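Quick notes on the structure that follows.
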Amino acid sequence: MLIDGVEGDPAMLNPNDIESVSILKDASSAAIYGARGTFGVVLITTKNADKDKTSITYSGSFTSEKPVSTPDIVDDGYTYASMFYTAYNAWNNYSATPAKKNKTQAFSTSWLDDFKARKAAGNTKNYEVVNGQYVYYGNENYYKALYKKYTFSQDHNLSINGNTGKMDYYLSGRIYDYGGLFKYNTDTYKSYNLRAKESLQVTDWLKITNNMDYSNMTYHNPANVGEGGSIWRNIADEGHPSSPIFNQDGSLTYSAAYTVGDFIYGKNGMDTNNRVFKNTTSFIASFLKNQMHVNGDFTYRTTDNNVTTKRVPVPYSTQEGVITYLRNDLNDIKENTQRYDYLAANLYTDYETDIAEKHHMKVMIGYNYEQQKYKSLSVQRNGLLTENVENINLALGQTITTSGEYSKWRTAGGFTRVNYSFADRYLFEFDGRYDGSSKFPSNQQWAFFPSASVGWRVSQEPFWHVNDNMLSNLKIRASFGSLGNGNVSPYSYMELLSINSGTRILNGTLNNYTSAPSVLPDNLTWEKATTANIGLDFGMLKNHLLFNGDFYVRKTKNMYTVGPTLPDVFGASSPKGNYADMITRGFEISINYSNKFTLGGKPFKYEIKGTLSDYLSKIDKYNNLTGNLDDYYKGETLGTIWGYHIEGLFKDQADIDSHASQKLIKSSSNGTIYPGDLKYADLDNSNTIDYGTNTLSSHGDLKKIGNTTPRFSYSMNLSANWNNFFFSAFFQGIGHQDWYPSSECIFWGQYNRPYNNIPKWQLKNIYSESNPNAYLPRYAGYNASMKSTVNDRYLQNVAYLRLKNLQFGYNIPKQVLARWKIQNLRLYVSGENLFCLSPLYKWTKDIDVANIYGLDNDLTSGTSGDGQNYPLMKSLSLGLSVTF
Amino acid sequence: MKKIIYSLLVVCTFLVSCSLSEEPQASVTAKSIFGTESGLKAYSYSFYNMLPDGSSAYDQDAMADYGAVNSINSFIRKGAYSAQTSSGWDWTDLRNINYFIKNCTNENVSESVRNNYIGIAKFFRAWFYYKMVVRFGNVPWVDKPLSVDDEALYGKRDSRSLVMRHVVEDLDYACANITESASDGSLVSKWAAYALKSRVCLFEGTFEKYHTELALTDSAGTYLQEAADAAKTLMNQSSYKLYTAKGSSSSYRTLFTSDAPVTTEVILAVVFSADASVFSSANWWWTSSTYGPRWSMTRKFVNTFLNIDGTPFTDNSNYKTMGFYDECQNRDARLAQTIRTPGYKRDGAYAAPNFTGCTYTGYQPIKLCLDPLSYDNGAYNTNSMPLIRYAEVLLNYAEAKAELGTLTDDDWANTIGALRSRAGITGGLSSKPTKVDTYLQTNYFPNISDPAILEIRRERAIELSLEGFRFTDLIRWKVGELMTSTWDGIYVPALNEPIDLDHDGTYDVVFYKGTKPSDVPSGCWAINVDGTTTTTLSEGDHGTIQYFLNSDDRIWYSDGRQYYYPIPATAIVKNQELEQNPGW
């Protein structure tokens, strides 16, 4: 991701500063951008000053947002509790009564009976006091209590640009404020940007530009101390509908303290402040009537990230008048600062000339150097003076932990590009890079990466007699090249012992300890990606229709990954090295149709743009001798899902007895199978349902049931304007993608943990004698036969089509504006993520297809997502932009 | 013009040929660690990660013959365990130790300091291999960090004799070289090495003696003698003794409920601290109805606790029909410190065995738990857990000598006698027993006729109960069939009669068949024993509680395969030379 030629983070960029975004895909066009361009480059260019006049522009918008979907759960306390009892009892072979719902609410069959009686009598009081203790009969919905109905955000941008002959300038500033989604302890987000870009024509052959930008972001992320992790996981585990959130005296209940109550108490969370300051100074010198240029630029960027994390115990009450604290053992503040200092310098020269009219040549040669230094410091201390303390100076406890990190890397390289074209018909390009990186051992630091491409503009050929209106600008292109990817962590080739914080009390305190280092890789060098692509571009119908298509094959060699599997006696993971190869084949097509006609005397312009792309990767080389299916293996199509086939549900005991033994897959505590349980297919006729040795050669009853790769991603963009009105709509989607919900997914409801919330969609789909072919089997919790055993019955297709953006607006006519000396005034209404269709929604809308992967990495580790992450937001904005 | 191009090229080549090397600053090289004593100490702290921690220090006896649980460990369930589900073949800790021993050669540190830390490393290597041999039998012996192409990676398993001989050599080195004083009980000292040697040698000696199919009975005697010698050295030369400061009614339990290890007797312990937020979940596991397996002691085992006068409880003619209150009177003081007995209080209120959500049999352990209720329901325990203590050394000594046939009356008085005296027992303290207790022999060890060995085994089971020794003891005595013992509980005289277990005035439990009686007092838990749940009574409408009869499929295979765990199938796939244990 390059912003004005220097790597940057688009999240910190002011979107109003963007002039254009282009994507370079084949090896040759990415070559100039070095070792990070291996898999393509996104080039973002910021605005330059307007050549003609000075102007001041203000643009702003006001947006209302809400989550695309919120889990729709059963919030009737009695239904929830009685299904909890069934699920728990069923898992325990109908012989156990739970005493508690997880940790925070008691359970007994007599309480359940009382609840039923109260419901029948219409008693809606949600608690009683028995022997001083609270007994709850609630009907609460923790998800509804968590989110606001709507949240608002606004953004304001002011930019000034113009030129004074020799100097032109562009200044802009922006404020963005997001109100936060949570009702309590809300997650506010604010960002500020400032940019000053000036260029000065010092002499008629030398131009100097300076581009400075500063951005600052602050974010508050509320947290739970009860069990850590994210609020969504905590609601799944402790957000029991039968327990209200507040007691009648206003204190929090035990269930609330683990979940939304912590947010209501409002003292736990993480505050992040990130600041980026970047300055690029560059010059262009032109000689020989603009045939030769010398360009250079120097960038300095510093990034400061600060995170303050605070954890204090949460008060709750289970006895009338008695306040207890949750997590009395936690009472600390942690300050973490990280600083990145980045430097980049480029110097290159290019020379362009025409020889004998038909030959055009351009040669470029240059040099690039980058370095980054990273340093971080983390301090944590407990014993906060009060729960309102915000500064570590008021932490007075005895447990002080400190830690630090450091890394530095440098890369340097020379690059060259030669372009030659003959009569504008035959185009050749050759690129070469010679790169070195400090991340590799000194004898393997440097490598050479060449690439070449050719193009043939068929429509320029003398034999081309096709009418321009039919087919124009036909161009066939091909390219071939290799680029290196040096993206490993620094110091990987050194035998280093790391210092870790101990978690045991030894000699009275926690101590830091060190242990054996990981085994050194025996060679470590650049991973190389070689791409070959062939492309076709043409226009039709007087260039109203434009077509671009590419087909490519990319071979990535020497991927940095694990070594050959060694016997366990080795005692460590096999040393990593350049051991894997992968091949990716794919295509991309984009079609663009634009036209206009006259409507009511004014032109109506419209454009339809569509894209379609797909790819599949296959592993050519990987160290997995045994063919273990839990790891990558040679010949694997990346993303393959192995799982069992389900024949249906067991009808009756005779059905169970005549079927193969399913002892390894438990749907009850002692392994007994009951009618209504899932019937797994015995594909290898071994009379047992098992996974063999879980290898390619012996996989028992497992088979390939799907692939997690998103296939056939497509998009469509419709836009039109007429008489100062403009309209655009953007659709985007995936044709096919498989996903198996992982064990903690909210998809399973109480089939996972009996005390989880029940998704409403399950109610009609559960097996019973009157519903013997239901989608969901016999109701039993902790059900390993569903949540921990991948099978094709619950494999979901998460293909989708989403209306991502819809915009409608009006430009106030210039004649009206001229009176107030306004150049331009534009009003618009736009909506984002307005609707989405997916086969997944046939069963449940609780999880949006965008939420199946990814977790909040500040609060938890792992990647499974499963709906337990920040929801995708649907929004409606009102905006205007006025230029003076 | 040309000048510009040339100078640019020169500049480029100059810059391009510069060297790109960076040194880390937040990590260290081996040289800095092994060149200072503090580096060696920091490395040695990593070995302690092999010891149990806050989530495992208290549940080491989860799979034992004398505890009824609500979920049977798959190792002893019919058809539920195989090479595919096996685990424990993990060698990362060994590599960590071997790497240390190999590199601890830097002359900057004095030899005695280096040898101290190598001794500590060898202690942990012995600990590692002891656990591996107990679990798998024959295992490969590896004493250096292997390289990627070392052919030892693909070698066969070495015989247990070879491995255990090396283990004893490692422990001898540790005994001779460790200078660490371990004043607070959390660090390894040379006495820990002596104690571990007595434990390891006793294991190997008795294992070889009773597993006659191995044909190693000749070397059994050597190991037993080494066990006795190591224990004797510790008994004579160290200052450890049994802790008796709180009298017979609470000294024993204090060892397990103190925050700071009771270093009078405790040689090595896992320590916790509220200040540092390091906790164990002992109370949560032992008192929760969902977090732990509701481990309940069986009556068969409780019967082996002696009367306070030293006579067997089972000598009473009516022991079989004694109710809970009566059977707890005048018993070995350790009974009241191991399980809830009448008079036990929590936070000032009487706490009878809790049938509602905790115990199945009525014998609910308290030994490793803290009394205040605030410790339940989470990881809040701060009491340290002893791993090696003096009492075990005494038991090792007595058993080794008894197995050798050289146990004297003096030995008896100094070991079993002292332990019983601490437990308040008054009789049988000074000389070896002469009478065989038929209950113990019939129900536990039918092949043992030496009364001393029987009594030593009784004492060991009671003294070290819940501390993680039981399954290993059953393995080495070759009495694995005990794992399928009936799980029985308190005696219930009649149905529909509420029982006040601890005579505190409130009824605690009532047993019924079919329909629950309508007059159940409040606070009294009703249990249906008609056979549709997990509990019945031995005579139908009265008798001892019988638990888990319905779907119990515990098995102890007659081919004795369960004396070893199977090598995990994945390990054999990676190294075909590893042969599987017989029967698996």
Side-chain angles (χ1 to χ4, degrees), chain A residues 93 95-96 98-100 103 287 329-330 349 367 369 397-399 404-412 414 436-438 442 445 490-491 494-498 502-516 565-572 575 626 663 669-672 693 695, chain B residues 1 8 12 15-16 18-22 24-30 33 42-43 45-46 48 53 70-71 79-80 89-92 94-96 99-100 140 142 145-146 148 153-154 184 186-187 271-279 289-290 356-357 377 380 533-534 551 569 571 573-575:
Chain A
N93 304 99
S95 59
K100 279 203 273 216
K103 296 188 284 293
F287 305 103
D329 57 315
L330 287 183
T349 169
Y367 168 76
Y369 173 78
Q398 297 308 310
T399 309
E405 273 173 47
Y406 171 89
S407 78
K408 185 171 173 192
W409 55 259
R410 299 188 299 150
T411 63
S437 164
S438 68
S442 46
Q445 281 177 346
Y491 320 124
M494 294 183 174
E495 189 179 64
L496 297 174
L497 288 80
S498 49
T503 48
R504 293 183 169 259
I505 304 290
L506 293 171
N507 216 11
T509 56
L510 292 172
N511 298 284
N512 284 335
Y513 68 90
T514 184
S515 52
T565 318
L566 294 168
D568 302 288
V569 230
F570 184 69
T626 57
K663 260 225 144 102
S669 171
N670 67 3
T672 312
T693 49
T695 58
Chain B
M1 184 60 247
L8 281 172
C12 285
L15 292 167
V16 157
C18 66
S19 116
L20 295 167
S21 294
E22 288 298 328
Q25 287 178 12
S27 326
V28 283
T29 55
I33 291 291
Y43 197 111
Y45 286 153
S46 68
Y48 290 86
D53 65 6
N70 66 359
S71 171
W89 191 259
D90 183 16
W91 299 78
T92 332
L94 180 66
R95 188 194 182 86
N96 190 31
Y99 181 88
F100 180 85
V142 178
L146 297 171
V148 175
L153 283 173
Y154 297 95
D184 74 335
S186 61
L187 294 177
V271 182
F272 303 99
S273 152
D275 271 348
S277 297
V278 180
F279 297 98
S289 57
T290 51
T356 321
N377 288 331
Y380 304 128
T533 63
T534 53
S551 39
V573 166
K574 293 176 202 168
N575 175 6

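Because the structure is predicted, anything quoted here is derived from the model rather than measured. The sequence lines fix the lettering, A, B, ..., with proteins before strands; numbering per chain opens at 1. Hydrogens, waters and symmetry mates play no part in the numbers below; they use all other heavy atoms, side chains included.
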Checklist line | Shortest non-hydrogen contact between B/Ser21 and A/Arg410, atoms and distance | finding: N-NH2, 3.7 Å
Check: For A/Asn512, is it the side chain, the backbone, both, or neither that has a heavy atom closer than 4.5 Å to a heavy atom of chain B?
Finding: backbone
Note to self: Counting only non-hydrogen atoms closer than 4.5 Å, does A/Lys408 touch chain B with its backbone (N, CA, C, O), its side chain (CB onward), both, or neither?
What the structure shows: both
Notebook entry, point to check: Would you call B/Val278 and A/Thr503 a side-chain contact if the rule is heavy atoms closer than 4.5 Å?
Noted result: no
Next item on the list: Kindly compute the distance separating CG (B/Asp275) from CG (A/Asp329), expressed to the nearest 0.5 Å.
Entry: 11.5 Å
Notebook entry, point to check: What part of B/Ile33 gets closer than 4.5 Å to chain A, counting heavy atoms only: side chain, backbone, both or neither?
Noted result: side chain
Margin query: What part of B/Ala569 gets within 4.5 angstrom of chain A, counting heavy atoms only: side chain, backbone, both, or neither?
Written below: neither
Next item on the list: Give, as side chain, backbone, both or neither, the part of B/Phe279 having an atom under 4.5 angstrom from any heavy atom of chain A.
Entry: side chain
Item checked: Under 4.5 Å from any heavy atom of chain A - which part of B/Tyr43 -> both
Item checked: Closest-packed option against chain A by number of heavy-atom pairs under 4.5 Å, given B/Asn575, B/Thr356, B/Val142, B/Asp53 -> B/Asp53
Next item on the list: List the atom of A/Phe570, the atom of B/Val148, and the distance in Å for their closest heavy-atom pair.
Entry: CE1-N, 3.9 Å
Check: Is there a side-chain contact between B/Pro24 and A/Met494 (heavy atoms, below 4.5 Å)?
Finding: yes
Notebook entry, point to check: Once you round to the nearest 0.5 Å, how far does OG of B/Ser46 lie from CZ of A/Arg504?
Noted result: 11.0 Å
Item checked: Contact leader toward chain A among B/Trp89, B/Tyr154, B/Tyr48, where contacts are heavy-atom pairs under 4.5 Å -> B/Tyr48
Next item on the list: Report yes if some heavy atom in the side chain of A/Leu496 is under 4.5 Å from a heavy atom in the side chain of B/Thr29; otherwise report no.
Entry: yes
Note to self: Can you tell me how far apart CD1 (A/Ile505) and CG (B/Asp184) are? Round to the nearest 0.5 Å.
What the structure shows: 10.0 Å
Checklist line | Toward chain A, the part of B/Val271 with a non-hydrogen atom under 4.5 Å | finding: both
Check: Given that the side chain runs from C-beta out, which part of A/Ser515 has a heavy atom under 4.5 Å from chain B: side chain, backbone, both or neither?
Finding: both
Checklist line | B/Tyr45 portion near chain A, given a 4.5 angstrom heavy-atom threshold | finding: both
Next item on the list: Measure the shortest side-chain to side-chain distance between A/Thr399 and B/Ser277 over non-hydrogen atoms and say whether it is less than 4.5 angstrom.
Entry: no
Margin query: If I compare all heavy atoms of B/Gly79 with all of A/Lys663, which pair ends up nearest, and what's the gap?
Written below: O-CD, 4.4 Å
Checklist line | Per-residue contact mode, B/Val573 against chain A (heavy atom under 4.5 angstrom) | finding: both
Check: Is chain B contacted by the side chain of A/Leu510, its backbone, both, or neither, given a heavy-atom distance below 4.5 Å?
Finding: side chain
Notebook entry, point to check: What part of B/Thr290 is in contact with chain A, defined as an atom under 4.5 angstrom from a non-hydrogen atom: side chain, backbone, both or neither?
Noted result: side chain
Notebook entry, point to check: A/Tyr491 versus chain B, heavy atoms under 4.5 Å apart: side chain, backbone, both or neither?
Noted result: side chain
Next item on the list: Please report the closest heavy-atom contact between A/Ala99 and B/Ser289, naming both atoms and the distance.
Entry: CB-OG, 3.3 Å
Check: Hey, which of B/Asp90, B/Asn96, B/Asn70 has the most heavy atom pairs under 4.5 Å with chain A?
Finding: B/Asn96
Checklist line | A/Thr509 versus chain B, the contacting section by heavy-atom distance below 4.5 Å | finding: neither
